[in-house]
Amino acid sequence: MEKRVRVRFAPSPTGGLHMGGVRTALFNYLFAKKHGGDFILRIEDTDQTRFVEGAEEYIIKALKWCGIEPNEGVGFGDGPHAPYRQSERKELGIYKTYADKLIASGHAYYAFDTSEELDEMRRRLEAAKVVAPQYNAVTRQNMRNSLTLPEDEVKNLMEGGAKYVIRLNVPRNEEIRFNDIIRGWVTVNSAQVDDKVLLKSDGMPTYHLAHIVDDIEMEISHAVRGEEWLPSAPAHILIYRYLGLEDQMPKLAHLPLILNPDGNGKISKREARFPVFPLSWQDPREATPYIGYKESGYYPEAFVNILALLGWNPGTNEEFFTVDQLAHIFEFERVHKSGAKFDPEKAKWFNQHYLRLKPDAELAEAFKPILKEKGFERDQEFMIQFCKLVKEKVQFVQEFWDHGKYIFIAPQAYDEKVMAKKWNDKSRDIFDAVVAQFEAVKDWQVEEITTHFHNAEAQVGKVDMQLLRVLITGVAGGPQLFDMLALMGKEEVLKRLGTALNKL
RNA sequence: GGCCCGUUCGUCUAGGGGUUAGGACACGUCCCUUUCACGGAUGAAACACGGGUUCGAUUCCCGUACGGGCUACCA
C-alpha cells in the first residue's frame, strides 16, 4: 500500500525566507493538496550560531500571506509529532538515540579532532595536491577518532569530558545509487562522500542526521527540497541504510534553483534589483531592510503564480492559476531539471493581471492612504471612479498616483511637443468656443460633455482632443478624456481651461 | 581543481526521430480609437558545438564547451 502523502517544508531560521524558499514550500504544499496529504512546517534550528531573531515568525507570516499554509507544525498547530522545532526535539534526546544506533552498529564513530587539527589536515592535503581535502576513509586514519585511537584512550577521553563529534563511517569505494523523482537515477561513488558529522560537539545534530530522523519519525513520504542538497543525498541514503530504514525512506525530489535574471548564480538578496522576500525583511544584524513583494505592491496571487511557473508548467498555454487550481494540476513529472532565471518584468505582468481582477472599491481602499500621503482626500465614490478610470494603465496600486496625479494637481506647464505641434493661431478661438459650450453644460456627465463638445466643433470645426487634454492636465497621455473631465468636475475643468488660455 | 546536475527565441517555456519548432513576457509594425489606454493582428527572435546511431536527429548515445550546485562541527 502507498504511504499517505506527508511532506514538509523545513527552513532554518537564519534569515528571511526568500522567494526560492517560498517556491519549495509551494511545491510541497501543492503536492500535499493534490494527494490529500499533509503539509508540515518544521523549523531546523540546529545551528545556534546562525539563529536570527524574528526569522521564524517571518517564515510563518510569509507562508500565511502566500496562502500556502501548513496543516501541521510550528505556528500552525501541533500534530501528532510535536514538537516541530529541532532544538526542542534535541532536548528529547531523539537524535542522540539514532546516532548511538549507528555507533553501535559500527556505521558511525567518535572523532575528537579540534577545528585547528581539521584545518591543519586540510592544509596538509592541499599542500600534497589533494584536490578535494575531506575527512574520509583514507584521511581519518591520521586523525584522532575512535577508529584510530586505542579503545581505552577513547574511553578515557569520553569519561574525561573531551569534546567530540559523531561522524558517519562512509565506505571507501562503493557505488551509491538513488532514484530522484525529478532527475531519475543518480549514481555517486562513496569516495566522493566525506565522513559527515552527524552530531556536533554541542550535542546538536547536523542537518544530515536531523532531517532523516525527523522525516522518519514524522512519517514523511516525499522529501522535496532544493537542488543544493543533491550532492549530499548519497550520504543520506547511507544513513537510512545503516539505520535499517531504507524501506521507509521518503522518495526524493530535488527542485531546480531559481537563478538571477542577469549575471549568474542563485538569487542574492544584496544584488537583486527586484524584491527577493515575500514580505519586507529587516535583518536585526543589518542596517537596511529588504523590501518585500507585498510592500512593493504585489498581490500574493501574482507572486505565487509566477513562482509556480518557475521550473514547472502545466503543459498547456495557460498561465494564470490560483493556488487551488495549481493544487489540482501540479505534478513532479512536469518539474524541470534545469534552473530558471527569474524575470521581474513578467512578474509585473502577472501583477497587472491580478490587479485588473480586483473590484474598484478594493483598489480605491488601497489607494486612499497613498493619496492622503500626497495631500489629497476624496470621497468613496470619487475614489472608485478614479480607480476604474486609471486601473487599465497600472501594474501596481501605488502607480495610480503617477498615472492620475494630474487629476488632483492643476498643470504648471504644458507638454511642449504637443503644444509646438498643435497649438496655432486658430486655437484660441476654438477653445473659447469649447469653454463656452462647457459652461452651458447643466448635468456634468460624460454624455452631456460629449454633446457640448460636438456643439463646439459644429461651430468652429475640429477640436484637437489631445490639445484639450494637455490644456487641462498638462500631459499628453492619461485616461479616457471625457470620463476624466466628468470626474474632475465642471468647476475645476473650466478653471484649468481659463488658466491655460490666459497663459498662452 | 574535483564530484554531481543541467543546456529550445533576450527571459519563462511547449514539443519531440520526419513539425512552416508552438505559446507567454519584453521589443517593433499595423488595426481599433477625434484623446489615452485596453484589446486585436502581425514581425523579428531559439534547438550550444563536434562526432556517432539512423533512410532521416533539435529529439537517442558519446565527447567538448558553457552554465549551475556542492566541496564546514551551515543549512
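We use all heavy atoms of the structure for the numbers below, so side chains are in, but hydrogens, waters and symmetry mates are not. Reminder, nothing fancy here: chain letters follow the sequence lines and each chain counts from 1.
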Inset, instruction - Starting at atom CG of A:Asp483, determine the distance to atom P of B:U33, rounded to an integer number of angstrom. - result: 17 Å

Inset, instruction - Using a heavy-atom cut-off of under 4.0 Å over every strand shown, decide if A:Val463 touches base, sugar-phosphate, or nothing. - result: base

Inset, instruction - Determine the interatomic distance between C1' on B:U34 and the same-named atom on B:A14; round to the nearest Å. - result: 43 Å

Inset, instruction - Just name whichever nucleotide pairs with B:C55, Watson-Crick or G-U, keeping both distances under 3.5 Å, else none. - result: B:G18

Inset, instruction - With the side chain counted from C-beta on, respond yes when A:Leu485 and A:Val446 share a heavy-atom pair under 4.5 Å apart, and no when they do not. - result: no

Measure all distances between protein nitrogen or oxygen atoms and nitrogen or oxygen atoms of nucleotides 43-47 of chain B, and list the pairs falling under 3.5 Å.
none

Inset, instruction - Consider only side-chain N and O atoms of A:Asp100 and A:Thr97, and report whether a donor and an acceptor are under 3.5 Å apart. - result: no

Inset, instruction - Could you check if a side-chain atom of A:Asn305 sits within less than 4.5 angstrom of a side-chain atom of A:Phe303, using non-hydrogen atoms only? - result: no

Inset, instruction - Based on the glycosidic angle (syn within 90° of 0, else anti), state the conformation of B:C38. - result: syn

Inset, instruction - With rounding to the nearest 0.5 Å, note down the distance linking CG in A:Asn351 to OH in A:Tyr299. - result: 7.0 Å

Inset, instruction - Identify whether NZ of Lys or CZ of Arg in A:Arg334 sits under 6.0 Å from the centre of the six-membered ring of A:Phe330 and within 45° of that ring's axis. - result: no

Inset, instruction - Write down the distance separating the C1' atoms in B:G67 and B:U11, rounded off to the nearest Å. - result: 15 Å

Inset, instruction - Please name the pair of heavy atoms, one in A:Leu363 and one in A:Cys387, separated by the smallest distance, quoted to 0.1 Å. - result: C-SG, 3.8 Å

Inset, instruction - Would you state whether a donor and an acceptor, one from the side chain of A:Gln466 and one from the base of B:U34, lie under 3.5 Å apart? - result: no

Inset, instruction - Rounded to whole angstrom, note down the P distance from B:U71 over to B:A75. - result: 11 Å

Inset, instruction - Give none if B:U64 has no partner; otherwise give the nucleotide forming a Watson-Crick or G-U wobble pair with it, both distances under 3.5 Å. - result: B:A48

Legend entry - C1' atoms of B:U8 and B:G23, separation to the nearest Å: 13 Å

Inset, instruction - Classify the nucleic acid contact of A:Ala191 as base, sugar-phosphate or nothing, counting any heavy atom under 4.0 Å across all strands shown. - result: nothing

Inset, instruction - Answer yes or no: is there a side-chain heavy-atom contact under 4.5 Å between A:Thr148 and A:Met143? - result: no

Legend entry - Protein-nucleotide distance (A:Lys393, atom NZ; B:C38, atom P), rounded to Å: 7 Å

Legend entry - B:C4 versus B:G43 - spacing of their P atoms, nearest Å: 46 Å

Legend entry - Complementary nucleotide for B:C32 - Watson-Crick or wobble, under 3.5 Å: none

Legend entry - Short side-chain N/O contact to B:C4 OP1/OP2 from A:Gln192, under 4.0 Å: no

Inset, instruction - Return the minimal non-hydrogen interatomic distance between A:Lys337 and A:Pro256, and the atom names on each side. - result: O-CB, 3.8 Å

Inset, instruction - Please state how far atom CH2 in A:Trp185 lies from atom P in B:C4, giving the value in whole angstrom units. - result: 17 Å

Legend entry - Short side-chain to backbone donor-acceptor contact, A:Thr139 and A:Gln134, under 3.5 Å: yes

Inset, instruction - Please round to the nearest 0.5 Å and tell me the distance separating atom CZ of A:Phe400 and atom CG of A:Leu355. - result: 5.5 Å

Dump the pairs, protein N or O against N or O of nucleotides 21-27 of chain B, anything under 3.5 Å, distances to one decimal.
| from | atom 1 | to | atom 2 | distance (Å) |
| --- | --- | --- | --- | --- |
| B:A24 | O4' | A:Glu319 | OE2 | 3.2 |
| B:A24 | O2' | A:Glu319 | OE2 | 2.4 |
| B:A24 | O2' | A:Lys346 | NZ | 3.0 |
| B:A24 | N3 | A:Lys346 | NZ | 3.1 |

Inset, instruction - Would you mind listing every side-chain hydrogen bond (donor to acceptor under 3.5 Å, both in side chains) that reaches into residues 391-409 of chain A, with sequence neighbours excluded? - result: A:Asp360-A:Lys391

Inset, instruction - Using a heavy-atom cut-off of under 4.0 Å over every strand shown, decide if A:Phe453 touches base, sugar-phosphate, or nothing. - result: base

Inset, instruction - Classify the nucleic acid contact of A:Lys462 as base, sugar-phosphate or nothing, counting any heavy atom under 4.0 Å across all strands shown. - result: base

Legend entry - No-hydrogen, no-angle side-chain donor-acceptor test under 3.5 Å, A:Asp214 and A:Tyr84: no

Inset, instruction - Find the distance A:Ile267:CD1 to B:G68:C1' and express it as a whole number of Å. - result: 13 Å

Inset, instruction - Determine the Euclidean distance between corresponding P atoms of B:U13 and B:U7; express it in Å to zero decimal places. - result: 11 Å

Inset, instruction - Rounded to whole angstrom, note down the P distance from B:G50 over to B:A65. - result: 15 Å

Legend entry - Test salt bridge (Lys or Arg N to Asp or Glu O under 4.0 Å) applied to A:Asp194 - qualifying residues, sequence neighbours left out: A:Lys196

Inset, instruction - Return yes if a side-chain donor-acceptor contact under 3.5 Å exists between A:Asn173 and A:Asn189, otherwise no. - result: yes

Using a cutoff of under 3.5 Å, can you pull out all pairs of nitrogen or oxygen atoms linking the protein to nucleotides 13-15 of chain B, with atom names and distances?
| from | atom 1 | to | atom 2 | distance (Å) |
| --- | --- | --- | --- | --- |
| B:U13 | OP1 | A:Gly311 | N | 2.6 |
| B:U13 | O3' | A:Asn313 | ND2 | 2.7 |
| B:U13 | O3' | A:His336 | NE2 | 3.1 |
| B:A14 | OP1 | A:Asn313 | ND2 | 2.5 |
| B:A14 | OP1 | A:His336 | NE2 | 2.9 |
| B:A14 | OP2 | A:His336 | NE2 | 3.0 |
| B:A14 | O3' | A:Arg334 | NH2 | 3.3 |
| B:G15 | OP1 | A:Arg334 | NH1 | 3.3 |
| B:G15 | OP1 | A:Arg334 | NH2 | 3.2 |

Inset, instruction - Mind calculating the distance between CG (A:Leu485) and C1' (B:C36) to the nearest angstrom? - result: 12 Å

Inset, instruction - Can you tell me the distance, in whole Å, between the CE atom of A:Met484 and the P atom of B:C36? - result: 12 Å

Legend entry - Protein-nucleotide distance (A:Lys405, atom NZ; B:C36, atom P), rounded to Å: 19 Å

Legend entry - Identity of whatever pairs with B:C25 - Watson-Crick or G-U, under 3.5 angstrom: B:G10

Legend entry - Rounded distance (nearest 0.5 Å) linking atom CD1 of A:Ile182 with atom CZ of A:Phe27: 8.0 Å

Inset, instruction - Sugar-phosphate means primed atoms, P, OP1 and OP2; the rest is base. With that split, encode nucleotides 69-75 of chain B 5' to 3' as B, S or - using protein heavy atoms under 4.0 Å. - result: SS--BBB

Legend entry - C1' atoms of B:G51 and B:A45, separation to the nearest Å: 29 Å

Inset, instruction - Could you pull out the closest heavy-atom pair between A:Asp202 and A:Lys90, with the gap in Å? - result: O-NZ, 4.0 Å

Inset, instruction - Please work out if A:His454 contacts a base, only the sugar-phosphate, or nothing of the nucleic acid, heavy-atom cut-off 4.0 Å. - result: base

Inset, instruction - Can you tell me the distance, in whole Å, between the CZ atom of A:Arg23 and the C1' atom of B:C12? - result: 12 Å

